[in-house]
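Encoded as structure tokens, the structure appears first; notes follow it.
In listed order, ligands and their atoms are each counted from 1.
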Amino acid sequence: MIEKLKQLLNNSRSDYFNFPVSAVIVTDKGEYYGVNVETSSPTAGICAERNALYNAITNGIKKDEIKEIHVMSKTGVYPCFICRQALVDYCNDNVDIYIYDINKIVNKVKLKDLCNYSFDKGDLK
Ligand SMILES: [Zn+2]
């Protein structure tokens, strides 16, 4: 997985903030990839995590089929809070999230531990 994430980092378009990130979503039906795409207007870009998640969704993957999320960056950062919201909405609480720097896994956490007290569909009643 480390080599795959490193290879994906080369596809990142981090032209503006120089912060490449890659992500792999592991599902029952295969792996789905994403990289971050930065733009001159930051909100027009997208993070690697959401890019991978939306790639999986585009390919028909359902919530229960998503098992693991792997994320690599230079310094081993966690998903931003916009991505956390998307992950809470489209993944199960027990999904494993693996955080990598360039050389190794730096942590493995459950989505529910990364997103305590999250806002979700159940709050929209
Ligand atoms: Zn993000």
Side-chain angles (χ1 to χ4, degrees):
M1 184 57 74
I2 288 178
E3 288 309 312
K4 192 175 298 177
L5 286 161
K6 272 189 190 178
Q7 196 168 11
L8 274 174
L9 275 184
N10 294 323
N11 297 339
S12 164
R13 291 305 306 264
S14 43
D15 308 28
Y16 297 91
F17 302 101
N18 190 29
F19 197 80
V21 182
S22 60
V24 175
I25 303 268
V26 177
T27 77
D28 291 335
K29 295 179 177 172
E31 297 178 343
Y32 296 87
Y33 308 131
V35 295
N36 64 323
V37 180
E38 298 173 354
T39 63
S40 58
S41 177
T43 54
I46 189 166
C47 300
E49 299 93 319
R50 274 179 293 140
N51 217 355
L53 176 64
Y54 298 161
N55 184 12
I57 290 170
T58 298
N59 283 281
I61 297 301
K62 305 297 182 210
K63 194 173 199 173
D64 290 340
E65 296 172 320
I66 296 174
K67 303 303 179 196
E68 300 172 356
I69 302 166
H70 300 258
V71 182
M72 177 179 275
S73 62
K74 289 185 278 191
T75 54
V77 299
Y78 291 85
C80 77
F81 280 78
I82 296 173
C83 286
R84 291 183 199 203
Q85 184 65 59
L87 294 172
V88 164
D89 288 340
Y90 293 104
C91 300
N92 287 321
D93 285 351
N94 62 350
V95 164
D96 291 315
I97 301 177
Y98 296 80
I99 307 296
Y100 300 74
D101 64 17
I102 290 294
N103 300 306
K104 64 187 181 309
I105 293 176
V106 296
N107 204 356
K108 173 189 168 189
V109 294
K110 294 281 187 192
L111 180 58
K112 63 185 172 190
D113 296 325
L114 188 65
C115 301
N116 278 336
Y117 307 106
S118 60
F119 178 88
D120 61 22
K121 191 174 185 180
D123 295 314
L124 295 175
K125 294 177 181 170

At less than 2.8 Å, how many protein N/O/S atoms surround the Zn ion (ligand 1)? Leave waters out.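 My tally for this metal is 3.
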
Check whether any side-chain N or O of [X] sits under 3.5 Å from a backbone N or O of [Y] as a donor-acceptor pair, and report yes or no.
X	Y	value
D120	G122	yes
Q85	F119	yes
K112	V109	no
N36	F19	yes

Within 6.0 angstrom of K29 NZ, more than 12 heavy atoms from elsewhere: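 Atom NZ in K29 is not packed in, count stays at 12 or less.
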
Answer yes when K110 and D96 have at least one side-chain N-carboxylate O distance shorter than 4.0 Å, and no when they do not.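 Between D96 and K110 there is a salt bridge, with a charged N closer than 4.0 Å to a carboxylate O.
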
